[in-house]
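Please read the structure below before turning to the comments.
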Amino acid sequence: MKHKDGNARRGELKTPHGVIQTPIFMPVGTIANVKTLTPHELTDLKAEIILGNTYHLYLRPGHELVKKAGGIHNFMNWDKPVLTDSGGFQVMSLSGLRKITQDGVRFQSHIDGSYHMFTPERVMEIQNSLGADIIMAFDECPPYPATKDYVAKSLKTTLEWAKRCQDSQKEPDKQALFGIVQGGVHEDLRQESAEKLIEMDFPGYSIGGLAVGEKKEDMFRITEFLNPIMPKNKPRYLMGVGTPSDLLVNIGNGIDMFDCVMPTRNARKGTVFTRNGRMIIKAARYKEDFRPIDDECTCYTCRNFTRAYIRHLFAANELLAMRLASIHSLHFYLELMHMARKAIENRNYNEFMNSMLKKLDNIVE
RNA sequence: GGAGAGGUUCCCGAGCGGUCAAAGGGAACAGACUGUAAAUCUGUCGGCGAAGCCUUCGGAGGUUCGAAUCCUCCCCUCUCCA
């Protein structure tokens, strides 16, 4: 960690494929691509690290194939760091297709219905084949709402699995394994989870199971609560979060890393993010609006295309609409992180955050 | 000229005596989306604040307690034969 401003942290994280600057946003590239974009475009956007997903890549094209291709970096032609999620999230999101036991999770493929077994050991083996720089322990991400009993039980399973992941990890020197703190919205459970993981001494810690439907204030309360508990010299990754304002508030609570499908998914569906709030660019109100999405934005989309044109592309169902919108929104997220890092270095993070928060949650008319 | 089919709410198209302001698509409009089963999903889509009422199924008449649906005439499309 290089700087601190309040609880906000400014740091660097070394990986085999380069150093990344934190706080950082990691675009999601579930199946070894950030949807609609090329690695070249991601590089232009100054993306430093992207995500892949164990469950999805295991099912298709298969981790063995990715290994044969020389690992995920080679396979997708991305030479910067990659983080793979363990499939723990799919335990929740594909809840209709799986059964959890103490040993692991029996899944039914969402693609062809075939049965598969994920154990912590298996997930470590798959992530080793994929070859990401940062890998996640296999966890169970409890849904929301869930009873406290359920969350507590699930937490125990996740802790056991974390140990098994650690014990079965093949190349700890090449892949940093993060343990995942669970515990829902309950501070005592979060504390127990964090402390036991810290005892196991992971190179980094993830916070999972947030932004799954609970109130924002609960999410912020939990990250604020965890801040003093988490080791100061290790990265903290808040999984799956979030909106631009979520990122800023959580940076203020000591989070270093984020990933979220929101900028890319929403972009594909016609909503982009700007410093003035969300803009539903497919809306009729932009039909004859010949300004860029954001006249101060320096992204490729804003430098070259108007709202009216992008709206037209959405109306016509053109693929370019999704690409241009994704480029803009990712640029905005990454630029927002850049500004946050600068603000921490300049020790005016709170001021920066508060001025941004005033607008970010608006819908731009 | 002869034989036949048809004109339905923005478009296509179902309905063929009451349960029809009228199925289903499309378009349009509004919105949701947080470790991606997502170029997906939800809602609105004749008018009036609601119960309800009003106007609407090519046009004009008629039959009927009641018509988009039945009858008559008219206008217009399309197909086939001469």
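Numbers restart at 1 for each chain; the letters A, B, ... are given by sequence-line order, proteins then strands.
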When the [atom1] atoms of [M] and [N] are compared, how many Å lie between them, rounded to an integer?
N	M	atom1	value
G59(B)	C12(B)	P	16 Å
U44(B)	G25(B)	P	13 Å
A60(B)	C75(B)	P	15 Å
A68(B)	U55(B)	C1'	14 Å
U42(B)	G47(B)	P	24 Å
A28(B)	A38(B)	C1'	23 Å
G46(B)	C10(B)	P	9 Å
U34(B)	U40(B)	C1'	16 Å

To the nearest 0.5 Å, tell me how far Trp78(A) CH2 sits from His73(A) NE2.
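Answer rounded to 0.5 Å: 9.0 Å.
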State the pairing partner of [N]; accept Watson-Crick or G-U wobble contacts with both distances under 3.5 Å, and report none otherwise.
N	value
C20(B)	none
C41(B)	G31(B)
A5(B)	U77(B)
C57(B)	none
A50(B)	none

What is the nucleic acid contact for [X], judged by heavy atoms within less than 4.0 Å: base, sugar-phosphate only, or nothing?
X	result
Gly209(A)	base
Arg311(A)	sugar-phosphate
Asp139(A)	base
Gln108(A)	nothing
Leu83(A)	nothing
Leu51(A)	sugar-phosphate
Ala321(A)	nothing

Run Gln108(A) and Leu94(A) through side-chain contact (heavy atoms from CB on, under 4.5 Å) and show every step you take.
CA-CA 9 Å; Gln108(A) 214 173 344; Leu94(A) 299 169; over 6 Å; no
Closest approach to the side chain of [X], judged atom by atom: which nucleotide of [options] is it?
X	options	value
Arg268(A)	G35(B), A39(B), U34(B)	A39(B)
Arg285(A)	U34(B), A30(B), G35(B)	A30(B)
Thr30(A)	G31(B), A30(B), U36(B)	U36(B)
Tyr237(A)	U36(B), A30(B), G35(B)	G35(B)
Ile280(A)	A37(B), A30(B), A32(B)	A32(B)
Lys216(A)	G35(B), A30(B), U34(B)	U34(B)
Phe89(A)	A37(B), G31(B), G35(B)	G35(B)

May I ask you to verify if any side-chain N or O of [X] is less than 4.0 angstrom from the OP1 or OP2 atom of [N]?
X	N	answer
Arg265(A)	U34(B)	yes
Thr271(A)	G31(B)	no
Gln90(A)	U36(B)	yes
Arg278(A)	U34(B)	no
Asn53(A)	G35(B)	no

Rounded off to whole Å, could you give me the [atom1]-to-[atom2] distance for the [X] and [N] pair?
X	N	atom1	atom2	value
Asn266(A)	U36(B)	CG	P	15 Å
Leu130(A)	G35(B)	CG	P	19 Å
Ile281(A)	C33(B)	CD1	C1'	17 Å
Asp259(A)	U34(B)	CG	P	12 Å
Met239(A)	G35(B)	CE	P	10 Å
Tyr286(A)	C29(B)	OH	C1'	15 Å
Lys282(A)	A38(B)	NZ	C1'	12 Å
Arg323(A)	A39(B)	CZ	C1'	13 Å

So for atom NZ, which belongs to Lys80(A), do other residues, nucleotides or ligands contribute more than 12 heavy atoms lying within a distance under 6.0 Å?
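Enclosed.
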For atom CZ of Arg285(A), is the number of surrounding heavy atoms from other residues, nucleotides or ligands below 6.0 Å larger than 12?
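Yes, the 6.0 Å shell around CZ holds more than 12 heavy atoms from other groups.
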Ring centroid separation Phe273(A) to Phe332(A) under 6.0 Å:
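No, they do not, as the ring centres are separated by 6.0 Å or more.
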Does the salt bridge (charged side-chain N to carboxylate O under 4.0 Å, His left out) test come out yes or no for Glu121(A) and Arg164(A), once each step is laid out?
CA-CA 7 Å; Glu121(A) 293 78 16; Arg164(A) 283 166 61 187; 2.8 Å; yes
Closest nucleotide of RNA chain B for Ala315(A) versus for Ile363(A): which of these residues is on the 5' side?
Ala315(A)
On RNA chain B, check which nucleotide each of Met322(A) and Ser86(A) is closest to and give me the residue with the more 5' one.
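Its nearest nucleotide being more 5', the pick is Ser86(A).
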Output all residues satisfying salt bridge (Lys or Arg N to Asp or Glu O under 4.0 Å) with Asp167(A), sequence neighbours left out; order by chain, then residue number.
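Residues passing salt bridge (Lys or Arg N to Asp or Glu O under 4.0 Å) with Asp167(A): Lys163(A).
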Would you kindly check whether a donor in the side chain of Lys269(A) faces an acceptor in the base of A38(B), or vice versa, at under 3.5 angstrom?
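Yes, the side chain and the base share a sub-3.5 Å donor-acceptor pair.
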Decide yes or no, distance alone: a donor-acceptor N/O pair under 3.5 angstrom between the base of U36(B) and the side-chain of Thr264(A).
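Check passes, donor-acceptor contact within cut-off.
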Side chain to side chain contact (heavy atoms under 4.5 Å, CB included) partner of Leu45(A), the single match among His40(A), His331(A), Glu335(A), His328(A)
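It is His331(A), the one option of His40(A), His331(A), Glu335(A), His328(A) that forms the side chain to side chain contact (heavy atoms under 4.5 Å, CB included) with Leu45(A).
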Compare all side-chain heavy atoms of Lys174(A) with those of Asn128(A) and state whether any distance is below 4.5 angstrom.
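No, too far: nothing below the 4.5 Å cut-off.
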